[in-house]
Visitor: 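Dropping the structure in here first, questions after.
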Amino acid sequence: MCPCRCLSSTSASPSRDGNHRLVHYNMVTTRGSIKGRTPTRAARPPSEQEESDQEDHETTIDETKLGAAANWTDQNEAIADGAFVSGFLRRTVMTAATMIYGQLILVLWYIIKHRNGSFTEFWEDEVSVDPWKALMQGFLAPGDISMLGWKFIGVFLAVSIVLMKLVPGHVVTGPVTPTGHVPEYIANGVPAFIIHVALFVTGGVANFYNLSIVYDELESILNGLNYLALGFVVLLYIKGNVAPTGKDSGVSGNIVFDLFWGTELYPQIFGIDVKQLTNCRFGMVYWAIATISCAAAAADRNNGVVPLTNMTSATLQLIYIFKFFWWETGYFNSIDIMQDRAGYYICWGCLVYLPTVYPSMSVYMVTHHGYLDDCPVTAQLIILLGMFCIWANYDADRMRVDFRKAKGKCEIWGAPAEYITATYTPADGMTRKSILLCSGWWGLSRHFHYIPEILSSFFWSCGAGFSSFMPFFYTVYLTILLIDRSVRDDSRCRSKYGSDWDKYTERVPYKILPYVF
């Protein structure tokens, strides 16, 4: 999935891109006008429209669904699969509630570090006594954030930017936007990731700081990131109104919604692509460094030896994150990049929500790591199973990409690819075709790749044992989101393809788990 899949004031629907990603609105175009820039849609040849949201089975963009739709006309009037809710409730009240919910996730670090990772203990001892005080335990005033925490944030951000800009790589392009803009990126994700991690480890080994710095300064780092991200979101809002990077921008006039959703699709600051920085080079790299730091913190509490539990979990997480950067150029064609504008929703999510939630099992394992101490064979089995799931997840994405490149004229698992040709008519009135893969992983179920995605997170969490829900917080969260996503995807595709989708579901009847769901 994407780097961050965390917030939605409509409903949760994580978009599949092979890596962790934020949930997103389903947007539709409606009549009306949007304040500010309302460029006309640039015509594109069909070949340039054959981009995918990397989630559902479409091989083309359904322009009545994308946020960057024609003319940005009332794009911000979000609806959930056709169910209308008043603009005020959805765009103001629900959006504000979503932003508040996001802030409350900061209490997670407090529960892990100070309440033994027990939601029950936290509820009984604190929430039931003084709910407000309990929920505020995750927050620090700016003046209480340590100088070391601020230094870490500053250096980490600076290194991320320098590596993103200076590490050599070939230029790749993203999909053409409705205004005709073609975003360009330097494909240097793998070397930049390796160098960043190597620099962090080297600095710790050289005693410039303790390798456990992220764990030791967790509350300061997360709260510092929260203040930084909130300020950054306001800056992006002002920039989008005053000096947008390109024509793919606009505002609704509702400041709450515009802060949340963002005002620009491809904002740049001093030549730095904002979403590539926050989503990839900051959020995902932080996840890797936090994982390493937590393993070091566990070693400090285990006579200098990384416990088997932490070693098992860190190995799988680092492989998974490496896979993301190996695939990063594909991520540039995902909904996170094509549709989601840079605001609280995606930028705050990747700067704060991701660093809080995604490494949470590693933080928990610092003090809960005895489960695999005497089970080396079990640990090896967990690593092997986890690696297989990561590979299967990647192979499913690769299979679909190769199938699309070959326009269906390829072999899958030793036999000619099987597919359904589906037609649809987007907003411009021109009938188009999509090919829906029905063989290989995609013949087992319509979203079979969700299974190894979920199991990957289970395997890098299960080494902590099963006495607490905390290490599986992310796994359960992910499962709920993916089930919801599969239902929403089915509804959207049935609306788009009509009877052709019915033919497809007859060939591939199960959404995720064969013979079950």
Side-chain angles (χ1 to χ4, degrees), residues 3-4 6 20 102 104-122 137-140 145-146 148-149 152-153 156 197 200-201 204 209-226 282-302 306-318 320-321 349-372 456-478:
C4 342
C6 65
H20 291 293
L104 292 179
I105 199 64
L106 282 172
V107 80
L108 192 67
W109 73 260
Y110 174 81
I111 297 173
I112 298 175
K113 292 192 73 173
H114 299 289
R115 282 299 173 184
N116 199 37
S118 172
F119 288 101
T120 301
E121 182 179 320
F122 176 66
Q137 293 287 15
F139 296 88
L140 297 180
I145 297 174
S146 70
L148 184 57
F152 173 84
I153 293 171
F156 183 84
V197 170
F200 173 73
V201 174
Y209 45 78
N210 293 326
L211 272 177
S212 60
I213 182 174
V214 175
Y215 179 84
D216 297 339
E217 299 292 326
L218 187 64
E219 49 266 53
S220 287
I221 291 172
L222 293 181
N223 276 273
L225 286 175
N226 189 42
F282 193 99
M284 294 299 288
V285 177
Y286 176 92
W287 181 8
I289 285 178
T291 299
I292 294 170
S293 185
C294 287
D300 291 342
R301 293 158 174 77
N302 191 49
V306 178
L308 201 53
T309 291
N310 305 76
M311 181 66 73
T312 300
S313 178
T315 297
L316 291 176
Q317 289 182 72
L318 291 174
Y320 184 91
I321 297 166
C350 289
L351 292 173
V352 183
Y353 194 96
L354 188 158
T356 302
V357 175
Y358 288 22
S360 60
M361 68 290 295
S362 298
V363 177
Y364 177 83
M365 290 177 186
V366 171
T367 53
H368 299 78
H369 51 66
Y371 191 71
L372 293 179
S456 296
S457 66
F458 171 81
F459 285 123
W460 68 56
S461 302
C462 69
F466 300 90
S467 61
S468 172
F469 168 74
M470 181 58 75
F472 303 100
F473 178 84
Y474 176 74
T475 302
V476 173
Y477 174 70
L478 176 65

Visitor: Over all heavy atoms of both residues, which pair between Ser212 and Ala296 is shortest? Give the atoms and the distance, please.
Guide: N-CB, 4.0 Å

Visitor: Does any N or O in the side chain of Lys113 come within less than 3.5 Å of the main-chain N or O of Val363, such that one atom is a donor and the other an acceptor?
Guide: no

Visitor: Given side chain to side chain contact (heavy atoms under 4.5 Å, CB included), test Gln317 with Met361 step by step and report yes or no.
Guide: CA-CA 10 Å; Gln317 289 182 72; Met361 68 290 295; 3.8 Å; yes

Visitor: Could you tell me whether a side-chain N or O of Ser293 sits under 3.5 Å from a main-chain N or O of Leu211, the two making a donor and an acceptor?
Guide: yes

Visitor: Using the rule ring pair (Phe, Tyr, Trp, His ring centres under 6.0 Å), only one of Tyr358, Phe459, Trp460 pairs with Tyr320; which is it?
Guide: Trp460

Visitor: Please give me the minimum heavy-atom distance between Ser457 and Leu478, naming the atom from each residue.
Guide: OG-CD2, 3.9 Å

Visitor: May I ask you to decide if the ring planes of His114 and Tyr110 are parallel, tilted or perpendicular, using 30° and 60° as cut-offs?
Guide: tilted

Visitor: Can you check whether Ala298's main-chain N or O pairs, donor with acceptor, with Asn310's side chain at less than 3.5 Å?
Guide: no

Visitor: Considering non-hydrogen atoms only, spot the tightest contact between Met470 and Gly117 and give its length.
Guide: CB-O, 3.3 Å

Visitor: First locate atom CG of Asp216, then atom CZ of Phe152, and finally report the distance between them rounded to the nearest 0.5 Å.
Guide: 11.5 Å

Visitor: What's the spacing between Thr312 OG1 and Tyr371 OH if we round to 0.5 Å?
Guide: 12.5 Å

Visitor: At what distance, to the nearest 0.5 angstrom, does CD1 of Ile153 lie from OH of Tyr286?
Guide: 8.5 Å

Visitor: Measure the spacing between OG1 of Thr367 and CD1 of Ile112 and express it to the nearest 0.5 Å.
Guide: 9.0 Å

Visitor: Take Phe119 and Leu108 through the test side chain to side chain contact (heavy atoms under 4.5 Å, CB included) and record every step on the way to the result.
Guide: CA-CA 9 Å; Phe119 288 101; Leu108 192 67; 3.8 Å; yes

Visitor: Is a side-chain N or O of Ser461 found less than 3.5 angstrom from the main chain of Phe472, in a donor-acceptor match?
Guide: no

Visitor: Between atom SG of Cys294 and atom CG of Leu218, what is the distance when rounded to the nearest 0.5 Å?
Guide: 7.0 Å

Visitor: Quick check: does any side chain N or O of Ser220 sit under 3.5 Å from a backbone N or O of Ser146, one acting as donor and the other as acceptor?
Guide: yes

Visitor: Step by step, would you call Phe139 with Asn226 a side chain to side chain contact (heavy atoms under 4.5 Å, CB included)?
Guide: CA-CA 9 Å; Phe139 296 88; Asn226 189 42; 4.3 Å; yes

Visitor: Taking the side chain as C-beta and beyond, is there a heavy-atom pair between Phe200 and Ile213 under 4.5 Å?
Guide: yes

Visitor: Using 0.5 Å steps for rounding, measure from the CD1 atom of Ile289 to the CG atom of Leu318.
Guide: 10.0 Å

Visitor: Using side-chain heavy atoms (C-beta onward) and a distance below 4.5 Å, is Leu372 in contact with Pro307?
Guide: no

Visitor: With a 3.5 Å distance limit and no angle check, can you tell me whether His368 reaches the backbone of Tyr364 through a side-chain donor-acceptor pair?
Guide: yes

Visitor: For the backbone of His369 and the side chain of Thr309, can you confirm whether one donor and one acceptor N or O come within less than 3.5 Å of each other?
Guide: yes

Visitor: Check whether any side-chain heavy atom of Ile111 lies under 4.5 Å from a side-chain heavy atom of Gln137, and answer yes or no.
Guide: no

Visitor: Between Phe469 and Val476, is a side chain to side chain contact (heavy atoms under 4.5 Å, CB included) present by the stated rule, with each step listed?
Guide: CA-CA 9 Å; Phe469 168 74; Val476 173; 3.5 Å; yes

Visitor: Checking the side chain of Thr356 only, and the main-chain atoms of Val352 only, is there a donor and an acceptor separated by less than 3.5 Å?
Guide: yes

